[in-house]
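Notes follow the structure.
The sequence lines fix the lettering, A, B, ..., with proteins before strands; numbering per chain opens at 1.
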Amino acid sequence: MIKITGLTKRFGDLTVLQNVSTEIGKGEVISIIGPSGCGKSTFLRCINLLEKPTAGEIFINGENISDRRADVNRLRQKMGMVFQSFNLYSHLMIIENLMLGPQKLLKTPRQQAFDNGMKYLEMVGLAGKAYSYPDELSGGQKQRAAIARTLAMKPEIVLFDEPTSALDPTMVGEVLAVMRKLATEGLTMLIVTHEMKFARDVSTRVLYMDEQGIYEEGSSEQVFDHPQRPKTRAFIHKIRSFVHKIEGKHFDLYAFNARLEQFLKRHMFTEKKINTMLLISEELLCNILPDIEGEYMLEYSDETGETTVTVSYMKEEEENPLTSEEHSLPLMIIQNSAKDVSYHFADNKNTIKITLEG
Amino acid sequence: MKARIVLTIACILICLLAVSGCASEKAVVPVETSRLGVMVGSTNEKYAKEHYPQAKTEHFNNYVDSTAALKAGKLDYAMMDYASALNFIKYNPGLKLASGFLTDEKYCIGINMKKPELAQKISAVLDQYLSDGTMDEIISHWIKEDGSDYTFVEVPKLADAPVLKAATVSSREPTAFMLNGGYSGMEIELIERIAYELGYKVEYMDMEFSAMVSAMGSGKADVCTAMYNTPERAEKILFTEPFFPNPQVLITNDEKAMSDNVAKITEFFGSVGKSFHRTFIVENRWKLVFSGLRLTVMISMLSMFLGSLLGVLVCMMNRSKIKLLTTASKLYIRIIQGIPIVVMLMILYYVLFGNVDIDAIIVAVIAFSLNFSAYTSEIFRTGMDAIDKGQREAAAASGFSGLQSFFFITLPQASRHIIPVYKGEFVSMVKMTSVVGYIAIQDLTKASDIIRSRTYEAFFPLIATALIYFAITYLFILILNVIEHKIDPKRKKRSIRGVKVHD
């Protein structure tokens, strides 16, 4: 349906995309992931020519839209776009937001545009907000309305440009739920996102972008569980693990907790599980191993569903704190939730590893 | 509340009158060190400079203003020609002549340098009038030493004839003044008679005296009805033989006739009705006010319309990606905003369109449109900058063209930012049109000037004019307020017109 060949984009001397080629078929749900600044958004914006490609060609159903003579506006009607900042028309009511495009561009009769609009608002759960203005809606509602507006144009493909990045963590879920629904209904979607769990669940294909192009691509399992190339591996590892340096007496528990909680939330841990993690970590760092200088690392695996917490620190002699009598109470708390707790010593490095079920 | 406002205004008036009254109670001051009122561009201005260099001279645009200042005690003497002096004394019992004839000037008709044949023809007729006594007869109609009424003579007029453009100053009773909405006086009768004999019909250009020489020089006027012949002027204007001796004299306040302040105040309150009658009813002066108002409104409206269109154009240039256009529009805005509107008006009228036969009203509309566009383009620009780029991007992404996106997205939102500022700018433009009198347009302000020159009263016509300006600007603001409310989405009804809602 969409074919991209040799797409190159430069901003001045900076090359963002270099010779990118790919094809997108009907009904595909493609997630684009990668480190920030790798050109994911630029790639998306090049596809509907919001950014003018420096070189390369883009075909939609065989029509070359990068051609000078192409009717870009007509072709854009077939490609919806959902923005990070929603971009609802602030002077129009939500239903008017949905009616404007179909009425003015598709020449849909007013009544029909209204009925369709209401249908899409119902679909995203906002029928009750049809007569509200955008600034009367919450972030999540705005983004759902923006998705409905895009759908009202009956596009063949929808481009999502980090649709949840500007949202409060509490509102991410409602937007992802709508997108999940669209994916199951067979809409062709191209999603730039940082929501890894979501990407993993809904994508038929994942593009990992780095080094000015598509660095690695494949199914969710291939990219997330068995990445082949080093940068993909490092990225996947990084997004799956949380690392915090412990600085002895100056350890700031509150900053640590805040960071850990944010990480867990982003990976869709439940509230209960987040509390367990915070409790275990606190018992470990404050009661069992106070004032150590070392590193805390939390990793989770989508495959096994296990989470492991590893704390390592330097000490010249082997001394297992888990066997100490005075640590029995905090240890009991940890063991209550953990599947396994172990101690390991090698080369003056002490390591405690806690494994938890998914 | 209303009573308090009236009371406050009354108090202010009483204070003003009291202050002006106190200032006028002065002992006789020698002319050499006095405060002396002269008229800009006249021979008395020159005379005062040469003969009374120590005097503190105040420069006025016409004798009405200098006389008003004299009466208010702001001057010790006012210098003017004999005919005007007689006239002011006739209407103001508190004034008297303070000198004999100081100069030996005589009125001549001035003719455009570029029209020597016209000058010859006019001179020939005038010479005949001087020799056969017609001139003396004309003078006797208007110059009445005893203060009696003028003798009106119906001068035949040609309806369909070439136009003779005559520059005149209509605040010079009894030689040229407005009466019943038309021009009257000795100069007027003379020029009408000459025009009839030569087969012309006269079209008057009423202007400040100081503008007459430039109007003649630039070719805006064919003749000026009366002017003294000086060597300086003779370089730019052709003069006929003198037809009326009219030397400079001084007038001053007559201390004996000065009434006390309390009497003045009671007189004031008793005379509001009379003032109204004098200002609007006598000689159908309301017609003058009305036609002035019509011109003011017309110039304002046309300038708003054209200025806004031009403003859009300049704004588009300013926002364009072509550097040359951006620079040009910025330069344009800086230049127009940097020139006072009066100066620009006169540059356009006397310099740029100096040699073009163009209606002064059109020149005024051009000047105010240019001026308005410079301000509105900036208003439009800030209005558009206030709309976030994201919405334009969303419109583009769903397939709207640039123009569609402008009309459906940017404009409705930008106008909400634009209208409040636009309102203020328009009101300030309406008020600024009061300077069009400089290029001989009889707008509202000029009409009130003319009435003041006939009623010898400053207070009532000025306050009335202020109220009229206030009323028209207020009316316009009301209209714009309605529009402002209409486009405010939060005031719109929460429903979609023309659709059936299914449950």
Side-chain angles (χ1 to χ4, degrees), chain A residues 44-45 47-51 71-106 109-115 117-119 130-136 146 149-150 152-153 155 158-159 161 166, chain B residues 320-323 379-380 382-422 480 482-503:
Chain A
L44 208 63
R45 293 164 62 85
I47 293 179
N48 68 355
L49 300 183
L50 280 184
E51 299 289 353
D71 184 352
V72 176
N73 290 328
R74 190 175 55 79
L75 290 163
R76 274 176 178 164
Q77 293 171 15
K78 298 181 186 169
M79 274 192 296
M81 185 157 189
V82 174
F83 297 85
Q84 184 180 341
S85 49
F86 330 129
N87 297 344
L88 290 168
Y89 309 136
S90 57
H91 63 300
L92 298 176
M93 287 181 266
I94 298 303
I95 183 66
E96 290 175 314
N97 263 277
L98 267 75
M99 289 165 69
L100 186 70
Q103 271 195 279
K104 304 289 182 197
L105 297 172
L106 306 179
R110 200 174 167 75
Q111 181 69 46
Q112 198 186 331
F114 176 79
D115 292 342
M118 289 307 278
K119 193 183 83 192
Y131 302 109
S132 299
Y133 282 93
D135 59 4
E136 295 162 348
R149 176 179 69 180
T150 308
M153 287 293 288
V158 179
L159 315 174
D161 187 7
Chain B
S320 91
K321 291 190 184 83
I322 303 164
K323 192 113 204 291
I379 294 174
F380 293 156
T382 45
M384 299 209 197
D385 286 350
I387 312 306
D388 73 305
K389 208 174 128 228
Q391 293 187 35
R392 281 203 300 274
E393 217 163 54
S398 52
F400 284 109
S401 69
L403 212 61
Q404 285 173 320
S405 151
F406 174 79
F407 280 108
F408 298 141
I409 313 297
T410 309
L411 190 64
Q413 294 183 53
S415 35
R416 287 179 55 209
H417 298 275
I418 290 168
I419 288 188
V421 197
Y422 186 86
L480 274 184
V482 172
I483 298 175
E484 199 179 351
H485 281 189
K486 273 253 162 80
I487 60 171
D488 185 353
K490 291 292 153 65
R491 288 172 192 274
K492 248 180 9 188
K493 241 170 108 188
R494 296 291 179 108
S495 64
I496 306 293
R497 268 190 302 124
V499 295
K500 268 214 305 282
V501 183
H502 308 288
D503 293 323

Apply side chain to side chain contact (heavy atoms under 4.5 Å, CB included) to the pair B/Q404 and A/N73, showing each step before the final yes or no. CA-CA 11 Å; B/Q404 285 173 320; A/N73 290 328; 5.6 Å; no
Before giving the answer on side chain to side chain contact (heavy atoms under 4.5 Å, CB included), spell out for A/N87 and B/D388 the whole-Å C-alpha distance, their side-chain angles and the decisive distance to 0.1 Å. CA-CA 9 Å; A/N87 297 344; B/D388 73 305; 4.1 Å; yes
Is it the backbone or the side chain of A/D115 that comes under 4.5 Å from a heavy atom of chain B, or both, or neither? side chain
Report the C-alpha separation of A/F83 and B/Q391 in whole Å, then their side-chain angles, then the decisive distance to 0.1 Å, and conclude whether the side chain to side chain contact (heavy atoms under 4.5 Å, CB included) test is met. CA-CA 10 Å; A/F83 297 85; B/Q391 293 187 35; over 6 Å; no
Contacting moiety of A/R45, where chain B heavy atoms sit under 4.5 Å: side chain
Under 4.5 Å from a heavy atom of chain B, the part of A/M79 involved: backbone
Output for pair (B/S401 OG, A/K104 NZ), nearest 0.5 Å, gives 12.5 Å
Heavy atoms only: give me the nearest A/R110-B/R497 pair and the separation to one decimal. NE-O, 2.7 Å
Heavy atoms only: give me the nearest A/L105-B/S398 pair and the separation to one decimal. CD1-O, 3.2 Å
Does any heavy atom of chain B fall under 4.5 Å from the side chain of A/D135, the backbone, both, or neither of them? side chain
Honestly, the part of A/L100 sitting under 4.5 Å from a heavy atom of chain B is both
The reported gap from CD1 in A/I95 to OG in B/S495 (rounded to nearest 0.5 angstrom) is 12.0 Å
Hey, does B/I496 have a side-chain heavy atom less than 4.5 Å from the side chain of A/M93? yes
Distance-only, no hydrogens or angles: does the A/H91 side chain make a donor-acceptor pair with backbone N or O of B/F408 under 3.5 Å? yes
Contact part of A/M99 toward chain B, heavy-atom cut-off under 4.5 Å: side chain, backbone, both or neither? side chain
Provide the closest heavy-atom pair for B/Q413 versus A/S90 in the form atom of the first, atom of the second, distance. OE1-OG, 2.8 Å
Interface moiety of B/D488 toward chain A, non-hydrogen atoms closer than 4.5 Å: neither
Quick one: closest heavy-atom pair of A/R149 and B/A394, and the distance? NH2-CB, 3.5 Å
Taking all heavy atoms of B/R494 and all of A/E136, pick out the closest pair and write down the distance. NH2-OE2, 2.8 Å
Heavy-atom cut-off 4.5 Å, strictly under: side chain, backbone, both or neither for A/F114 against chain B? side chain
Ignoring hydrogens, what is the shortest heavy-atom contact between A/M81 and B/A397? Give both atom names and the distance. CB-CB, 4.1 Å
Turns out that what part of A/L49 lies under 4.5 Å from chain B's heavy atoms comes down to neither
